[in-house]
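What you see is a predicted model; the values in this text were computed from it and never measured.
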Amino acid sequence: AGWLVGHPTNTAKAYRRDLEGWAAWCARLGMHPLAAERHHVDLWVRHLTSEPQPRTGRPATAATVVRKLSALAGFSDYAVHEAGVL
């Protein structure tokens, strides 16, 4: 929540959904979201672009994938440098 508060309302809502999606995908793999490595992110992108997504029923567009990766990268940076989680 601390990271999301610094974003405009609609962006924060989208980023929250993106991070929840990432966490759910990691949970299906039995992995904590903060323990993921680069190859896990690559697999998630493959999943996003090849499987129907819950909100649309279609694979994610390139723009959607970029936003989701931006959310994940921003949150990870916050977790390391601001929150000291990693």
Side-chain angles (χ1 to χ4, degrees):
W3 178 70
L4 292 172
V5 77
H7 294 86
T9 302
N10 289 337
T11 301
K13 287 179 184 178
Y15 280 178
R16 178 181 297 277
R17 283 192 309 268
D18 296 338
L19 293 173
E20 287 170 349
W22 165 249
W25 185 82
C26 288
R28 286 193 297 276
L29 294 180
M31 175 182 60
H32 190 283
L34 296 177
E37 297 179 7
R38 171 61 191 258
H39 68 279
H40 295 112
V41 176
D42 293 339
L43 289 171
W44 185 51
V45 169
R46 183 179 305 154
H47 165 76
L48 293 171
T49 59
S50 64
E51 298 295 324
Q53 299 302 298
R55 293 188 65 168
T56 64
R58 298 183 310 269
T61 65
T64 298
V65 171
V66 167
R67 191 202 64 234
K68 289 177 182 292
L69 290 174
S70 177
L72 185 57
F75 177 74
S76 296
D77 185 63
Y78 174 84
V80 170
H81 295 100
E82 300 294 325
V85 174
L86 300 174

Run the side-chain donor-acceptor check on residues 21-31: report pairs under 3.5 Å with partners two or more places apart or on a different chain.
none

Donor-acceptor contacts under 3.5 Å from residues 6-17 side chains, at least two apart:
| from | atom 1 | to | atom 2 | distance (Å) |
| --- | --- | --- | --- | --- |
| H7 | ND1 | W3 | O | 3.1 |
| Y15 | OH | S70 | OG | 3.2 |

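The hydrophobic clustering, which links ILVMFWY residues whose side-chain heavy atoms are closer than 4.5 Å, places L34 and L72 together.
The list of side-chain hydrogen bond (donor to acceptor under 3.5 Å, both in side chains) pairs with a residue in residues 45-59, not counting sequence neighbours, is empty.
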> Would L69 and V41 satisfy side-chain contact (heavy atoms from CB on, under 4.5 Å), going step by step from the backbone distance to the final call?
Replying inline: CA-CA 8 Å; L69 290 174; V41 176; 3.6 Å; yes
